[in-house]
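Notes for the one structure printed next.
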Number of protein chains: 2
Amino acid sequence: MASKAERGERRTDALSKERIVETAIEILDADGEGALTFRALTERLSTGAGAIYWHVANKNELLAATTNDVIARAMTSVVHTKDPKKAIRAIGLAVFDAFDAHPWAGSQLSREPWQPAVLRIFEAIGGQLEALGVPQRSQFDSATALVTYILGLAGQYAAGARLIAPGTDRSAFLADVATEWEQFDEATYPFVRRMAGQLRDHDDRAQFLAGLDLLLTGIASPPKTNTTT
Amino acid sequence: MASKAERGERRTDALSKERIVETAIEILDADGEGALTFRALTERLSTGAGAIYWHVANKNELLAATTNDVIARAMTSVVHTKDPKKAIRAIGLAVFDAFDAHPWAGSQLSREPWQPAVLRIFEAIGGQLEALGVPQRSQFDSATALVTYILGLAGQYAAGARLIAPGTDRSAFLADVATEWEQFDEATYPFVRRMAGQLRDHDDRAQFLAGLDLLLTGIASPPKTNTTT
DNA sequence: ACCTGAACACCGTTCAAGT
DNA sequence: ACCTGAACACCGTTCAAGT
């Protein structure tokens, strides 16, 4: 009655959805979105295309699974706090760091926001709003605004990763763009020109947090009653 | 010495980048992102693939051009106001309406945020911050937060368009998702469950504006000085 | 039940050749 | 200078056939 597993004969290299997802993440991390093809995957797993399709419906499902993996891991790393603002900041930074490490996940998330991964972020953030003093009727808008902001960042990060060739110096890249900004026409792009210096020196993570804090400040402010007085 | 144009012999059907971009927008609007292929384009323009490559470097450039067209048109429709908050709201809504009418543009924009279209939005919004009383050193963070939020929305809208089959009833779709939300596990998704009703009834445009106002409130609030007192 | 791998339909892009 | 359209390399997906 002893199963194969009990006899220790389990093949550790057997194909499974987990192993496929894991390998896909390795390819995505190493060589980016464009490198994940079924051919690359079959070669790496030394199998045929049909074998992968036995475990996974199609490429979209595979990408969704990789993204969920990465986000789920990020969410479990969030330390719990009583302070709701700190908690939301911690969630935001965990997601930010996940996008920083896996920019392809940002691309996937901003393209398919109905994924479980997004719902998890939505739930985690929403759960803090009560403690923040946000009235029930405003909680949906507030949580959506926060998630939209985070997804916006996700897309930008993914785009950055596509643009900055792997191995290229980030600050050199920013300096190049800043120099472009400085050369724009003063009449039509005065603000962009003025911001060039700040673009060159800014820190993405700090800037993300600054924006998150702006939203949090707005959310925690008492709503304007434009009815009486 | 009279040119062809002066003699009125200009062929109105001559190929040009403008005509290619225009046709691409027609295809994208009618049948979505997936429908824009070089084959569909050559058929519609009754020409060869090489002819298109003569005017346009590649598909990415073509998509960037279509998006810029759509956003540029949206930006010119923005009515000018003295009130900086109203002005930023008007910009946001113009962009929102553009994504509503052309969801594929949202997809493109959130994937390639270094495009001229984004810079135009960034400039238009940034130009209002001085009047809003935002200090110079905070303007970069504030403008970036607003643009990130708008790009986040862009991605979500594009995703929605991909998900909701053309011709499907939007409110029926939302009702389906809301019903799913109501059936989630109470222990792990209490917030999501509580929000199901609001999801069913919400208005995207109003919700977008609500989030924008949260950001604006945060931006207009005097910054916390955590040094003295 | 799970895997193999050739075959299919389709894609963006190139390029020798035409006008 | 501008256009034609066959050809190329590559993609996701299918499926008859194997174990």
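In what follows, chains carry the letters A, B, and so on, assigned in the order in which the sequence lines appear, proteins first and then strands, with residues in each chain numbered from 1.
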Among C:dC3, C:dT14, D:dC3, which nucleotide has an atom closest to any side-chain atom of B:A51? D:dC3

Heavy atoms from C-beta onward define the side chain here; which of C:dT13, C:dA6, C:dC3 lies closest to that of B:A49?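 Of the candidates, C:dT13 comes closest.
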
Looking at B:D204 and B:R170, is any side-chain nitrogen of the basic one under 4.0 Å from a carboxylate oxygen of the acidic one?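 Salt bridge flag = yes for B:D204 with B:R170.
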
Please report the distance, rounded to the nearest Å, between [atom1] in [X] and [atom2] in [N].
| X | N | atom1 | atom2 | result |
| --- | --- | --- | --- | --- |
| B:N60 | C:dC11 | CG | P | 17 Å |
| A:K17 | C:dA1 | NZ | C1' | 18 Å |
| A:K59 | D:dG12 | NZ | P | 4 Å |
| B:L15 | C:dT19 | CG | P | 19 Å |
| A:Y53 | D:dA17 | OH | C1' | 19 Å |
| B:F38 | C:dG12 | CZ | P | 7 Å |
| B:L41 | D:dG5 | CG | P | 15 Å |
| A:I52 | C:dA6 | CD1 | P | 15 Å |

Counterpart base for D:dG5, defined by Watson-Crick or G-U wobble contacts under 3.5 Å: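 Result: C:dC15.
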
Return the nucleotide paired to C:dC10: Watson-Crick means purine N1 to pyrimidine N3 with N6-O4 or O6-N4, wobble means G-U with N1-O2 and O6-N3, both under 3.5 Å.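 Partner of C:dC10: none found under 3.5 Å.
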
Can the ring centres of B:F184 and B:Y189 be said to be less than 6.0 Å apart?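 Judged by ring-centre distance (under 6.0 Å), B:F184 and B:Y189 do meet the cut-off.
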
Pick base, sugar-phosphate or nothing for A:L36, based on heavy-atom distances below 4.0 Å to the nucleic acid. sugar-phosphate

Provide the closest heavy-atom pair for A:R44 versus A:T23 in the form atom of the first, atom of the second, distance.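 Of all heavy-atom pairs spanning A:R44 and A:T23, the closest is CG-CG2, 3.6 Å.
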
Between A:H55 and C:dC3, does any side-chain N or O lie under 4.0 Å from OP1 or OP2? yes

Determine the sole option in A:F99, A:Y149, A:Y157 for which the ring-ring contact (aromatic ring centres under 6.0 Å, His included) test with A:F208 is passed. A:Y149

Comparing B:R39 and A:W54 on DNA chain C - which has the more 5′ nearest nucleotide: A:W54

Under 3.5 Å, which donor-acceptor pairs do the side chains of residues 70-77 of chain B form with other protein atoms, sequence neighbours left out?
from	atom 1	to	atom 2	distance (Å)
B:R73	NH2	B:D69	OD2	3.3
B:T76	OG1	B:R73	O	2.8
B:S77	OG	B:A74	O	2.7

